[in-house]
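Protein chains get the first letters and strands the later ones, always in sequence-line order, with residue 1 at the start of each. Note: hydrogens, waters and symmetry copies are ignored here, and every other heavy atom, side chains too, is used. Treat the numbers as computed from the prediction; the structure is a model and nothing was measured.
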Amino acid sequence: CGQYNKILKSDDVDKKYAAALSYYEKEEYEKAGALLEDLMPLLKGRSEYEKANFLYAYTKYHQGLYLESSFHFISFTQTFPRSQYAEEAAFMNARSLTNESPSVNLDQQSTVQAMAALQEFMRRYPQSKYMPDANKIYDELSRKIEIKAFESARQYYKLTNYDPQYYKAAVVSLENFRKNYPSSVYNEEAAYLRIDAQYNYAKESIESKQRDRYAEVITMYQTFVDAYPQSKFLRNAENLYDASRQALEKLSKTPAAAPAAATATK
Amino acid sequence: QIRLGVGSTSAATIDYANPRKYKIGGITVSGAKFLDPSTLISLTGLRIGDEIDVPGDAISRAIQKLWDQGILGGVDVRATKIEGDNIFLDFFLTERPRLSRFDFSGASKSQAEDLQKSISLNKGRVVTDALLNSTRTTVQKFFQDKGYLNAQVVIRQTPDSVIANSVALEIKVDKGEKVRIGELDIERINAATGESRKEGFGGFISGIWSDSDEVFSETQLKRKLKKTKEKKFYKVFTGAKFNKTEYEADKKLLLDFYNSEGFRDAAIISDSIYKISDDRIGIKIVVDEGRRYYYRNISWSGNYLYDDAMLARVLGLNKGDVYNREELDKRLNYNPNGNDITSLYMDDGYLFFQIEPVEVAVEGDSIDIEMRLSEGSQATINSISVTGNTKTSDHVILRELRTLPGQNFSRSALIRSQRELSNLGYFDPEKIGMEPVPNPENGTVDIRYTVEERPNDQITLSGGWGGGLGAVGTVGLVLNNFSLRKATDWKQWRPVPSGDGQRLALNIQANGKRYQSYSLSFTEPWLGGRRPNSLTVSLSKSIQRYNQQDEFSQVQEAFIDISGASVNLGRRLRWPDDYFTLSNSISYFRYNMSNGSTIFRGYAEADQITDANNISFITSFARSSIDNPTYTRSGSSIGLNVTFTPPYSLFKGSVNNFQWIEFHKWMFDASWFHSLSGDGKLVLNTRAHFGFIGTYGSKGVIGPFERFKLGGSGLGGGSFIVATDYIGLRGYEDESITPNAAGGIAFNKYVAELRYPVSLNPAATVFVLGFAEAGNNFGTYREYDPFKLYRSVGVGARVFMAAFGLLGFDYGWGLDTVPGRPGANGGQFHFIIGQQIR
């Protein structure tokens, strides 16, 4: 340790750089990082500058300081776009951001940034050896965003027990999910939950609005059956459909609904 | 300096009018003595073999890249030769010296330290003219802000012999005299005189008719300049420094004041700053006041939803009122303390609503205004998004929001959501963002919430002296945003599993054998995640031992040991309104004691108690609409808390009153907050508290437990006993207002407190307060009199730090003497720990 402090205080640039490299080799990244940080302004304009920059970013990465490593990898690619390390740096930037991506129920800003970084990487280095990894990470991240969106929409459905106001909120948010993630695996469940929420929404509505809202359940069910004929939710959805049909039948018999229906057909 | 070398000796000619493609045949660097040529070439981003346009972007980009490094004084690009399609480039570089060290002279050590933080001189950086200039300006401004208006800064460069191509800087500061404002003069021309006042309406200004002709006195106007003050010998606390930016802001304040009083033509015609002596300057401001204006007719157009009368009522301005543009805007657009026209529409989904007041006629001193409304169409909320929650789970936030997809947009729902988020305590209340993003093409709006997490777990680790116990150590931990679900996953322990909005509190207090207390409680605010029904489970145990000498100098040993458990279920109500909550709990406490009269002094019956059981049901019905828990500005909280035990004596005849403790206890607490100043900072808090304990039968005896002790800080300082309710009354000694040793059975207390924040920084919210309070505590109902009170006044301060909770001290002065306890009133210091309800 005494040896390290001596080097840290020394003014000999070459000796310091050599020490930094050897600490890096020994995986003592904190020490290597501190030395490189000191060296950086002094190496400016020298041939070692490029590699020092690249390794410095890596020391941050190995210490788990991913936001910092991302920053330094990006600035490396900007300063040395023609460097032999530029491709790796671009990929490592995306990797750093990926490591920052938190669990799905938290803010996904880092996830979105990581995805953007990956897209940029794939666009620039389509022949890269990191391509399979990049694709795999990208899929994981986009799935995360998708789960978050589904969980948020389902949250409104969960709260319907507490307050009937949430029925409409659930219908709208589940529909938004379908629009935003048309190929999601959660679409089947989302579609079913939407029918359920819409049915209950119709049931809780005032009589003059019930007709239109039950009719909406029927339409939703029909699209559901077409899309997922084998669905495990089919049985339950069918029950909702039956109940809605019966309710509509009853509504058409009551005279109160008749004028409303009449104006609707006009 | 930067040019493509046309004038160079080589015969290369470049036609600037017609850019041409060339292949780079070679790149050289010249002029660099200390820098490595190959690195410099790689920095340019150009490579041999690249095809570039000459003249063109590629070269200017290369120059920019080199320039960006900040190590060069000049970059000059020349084409050394052109052979057919090949071009040979040479970068001629001028290097700059680097900074090796810098020193200040003429500045004090602490000033030099402050300066180092604000100037951007880094050792090893290249010294450029821009760097020197900005350093000089920064240093000069630093001293000017401190009142040294004549500060001079000179920077001297000397080559440093130790490191090649480097310089040392000496920053020489000549501060000069500290300049203060010697005189401040506000002169008025066209001053509004007594004649221009309108009799009948609006003429009574500032509460006082003065004999002079002026509407405002000069002193009154000077007071409006908040930061620019005269130095007078009697103004000990006035710095009277001159600060240019503050002065500009103050001039604006002065005009704002005029405008708010109907003088909408008021203007500062001239203002001059002149030198009186080396350390004094004078300021003269000349104001043209103009005349005072009043509203005449206010008409409405474009309103289809509400009629004129309704809108006029909400606006609340009458013919003859003083014209005040600021107040008008407030009532039209956003009024924090009441109704405004915009919220009338915005709360009903009319997001695109717009209103513009147009002055249609100005005659003499009367103004006619036409309100032009554009109601627009209703917008429904489409999607809700939350960002910034790096710790708290989405569902914890979403369930608090009152803006739901599918609903009509409502501004009040938005504001209510902000309040709910702020009340969670997980986010910085000053930084909760709500941004409605309208999509006019389909009549919907997306709402984006942004939050910023703040730490709100509290750790207490303290040692104290008191309670008649000697040294007491406390270890406390309150996790306000705990997650039990994540506790099984080690990866989520950073440092504790958090984000699900649960609360876990753990407290251990001990002083060896004499006193030990343990408590643990856990709260889940949304049991099952589908309804806001809270569940709290708590466990506690405490042991207290006493040694006391009796009248025969025999040591009496006494102890009390209490173990308890309680379960509480609470829920939000939607009736009478949705600020109400109702909670029910059941608790069981077992008391084991010996020589009770030593503990409950003066209560001889307590000797008979050896073991006692207390089963009680507690119902609390409360309403809270406070806007922010740390520094409350508005809202109120009212709560009724009823505790009762089964009425054993009614169906078992005479039972041992103490084996099965029976009582009923009623506590009522009300607290109101009102902002008194325009910026909402000065807050008045008024509170009333009542408490009663009773028995079921007429002959029932009220036991020693759960009684009230009034006085002091309310922390049970003097001789703290468990199972007693300590209530503060500042200005009196701890528990001094207690009718008998065991405690009173009825108390009341009234408080009026004025608060003003010193800092609203979420890391440490600090406010000062002044209070007047009164209270009393009664031993029997016969004596009870809600108006017979012990009064006190005083001042104090509170600091709320996220990690420690609330801390503070008060100095109170008790106005009434306590019978039999001389010295219990009068000046008293109180230390306050934790947020107290009563």
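- The number of heavy-atom neighbours closer than 6.0 Å to CZ of B:R572, taken from other residues, nucleotides and ligands shown, is above 12.
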side-chain contact (heavy atoms from CB on, under 4.5 Å) between B:R399 and A:Y162, worked out: CA-CA 10 Å; B:R399 68 194 184 192; A:Y162 160 50; over 6 Å; no
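- Listed options A:T79, A:V104, A:N105 were ranked by heavy-atom pairs under 4.5 angstrom with chain B; first place goes to A:N105.
- The CD atom of A:E151 sits 9.0 Å away from atom CG of B:D394, with the distance rounded to the nearest 0.5 Å.
- Only the backbone of B:T392 has a heavy atom closer than 4.5 Å to any heavy atom of chain A.
- For the set B:S42, B:G388, B:S383, B:S38, the count of heavy-atom pairs under 4.5 angstrom toward chain A peaks at B:G388.
- Put simply, OG on A:S173 and CD1 on B:I381 are 12.0 Å apart, with the number rounded to the nearest 0.5 Å.
- For A:P81, the part lying under 4.5 angstrom from a heavy atom of chain B is the side chain only.
- Between A:D163 atom CG and B:R530 atom CZ the span is 14.5 Å, to the nearest 0.5 Å.
- With values rounded to the nearest 0.5 angstrom, A:Q109 atom CD is found 10.0 Å from B:T390 atom OG1.
- Looking at A:N161, both its backbone and its side chain come within 4.5 Å of chain B, counting heavy atoms on both sides.
- For A:Q78, the part lying near chain B is the backbone, with the side chain staying farther off; criterion is any non-hydrogen pair under 4.5 Å.
- Residue B:N382 touches chain A through both its backbone and its side chain, counting heavy-atom pairs closer than 4.5 Å.
- Only the side chain of A:Q155 comes within less than 4.5 Å of a heavy atom of chain B; its backbone N, CA, C and O stay farther away.
- Atom OG of B:S385 and atom CG of A:D107 lie 9.5 Å apart (nearest 0.5 Å).
- Neither the backbone nor the side chain of A:V171 comes within less than 4.5 Å of any heavy atom in chain B.
- When each of B:Q407, B:K391, B:R574, B:H395 is checked for heavy-atom pairs under 4.5 Å with chain A, B:R574 comes out on top.
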Derivation and outcome, side-chain contact (heavy atoms from CB on, under 4.5 Å), residues B:L404 and A:Q165: CA-CA 8 Å; B:L404 305 183; A:Q165 280 197 64; 3.8 Å; yes
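- The contact between B:L401 and chain A is made entirely by backbone atoms, counting heavy-atom distances below 4.5 Å.
- In terms of heavy-atom proximity, B:P405 sits nearest to A:V172 at CB-CG1, 3.8 Å.
- Under a cut-off of 6.0 angstrom, the local environment of CD in A:E140 is crowded, with over 12 non-hydrogen atoms contributed by other residues, nucleotides or ligands.
- The backbone N or O of B:G406 lies less than 3.5 Å from a partner atom in the side chain of A:K168, making a donor-acceptor pair.
- Heavy-atom neighbours of A:K203 NZ from other residues, nucleotides or ligands within 6.0 Å: at or below the threshold of 12.
- Sparse packing is recorded around CD of A:Q127, with 12 or fewer heavy atoms of other residues, nucleotides or ligands lying under 6.0 Å away.
- Taking CD1 from B:I397 and OG from A:S152, the interatomic distance works out to 10.0 Å, rounded to the nearest 0.5 Å.
- A salt bridge links B:D50 to A:R82: one of the charged nitrogens lies within less than 4.0 Å of a carboxylate oxygen.
- Per-residue counts of heavy-atom pairs under 4.5 Å with chain B were compared for A:Y49, A:F80, A:Y156; the largest is that of A:Y156.
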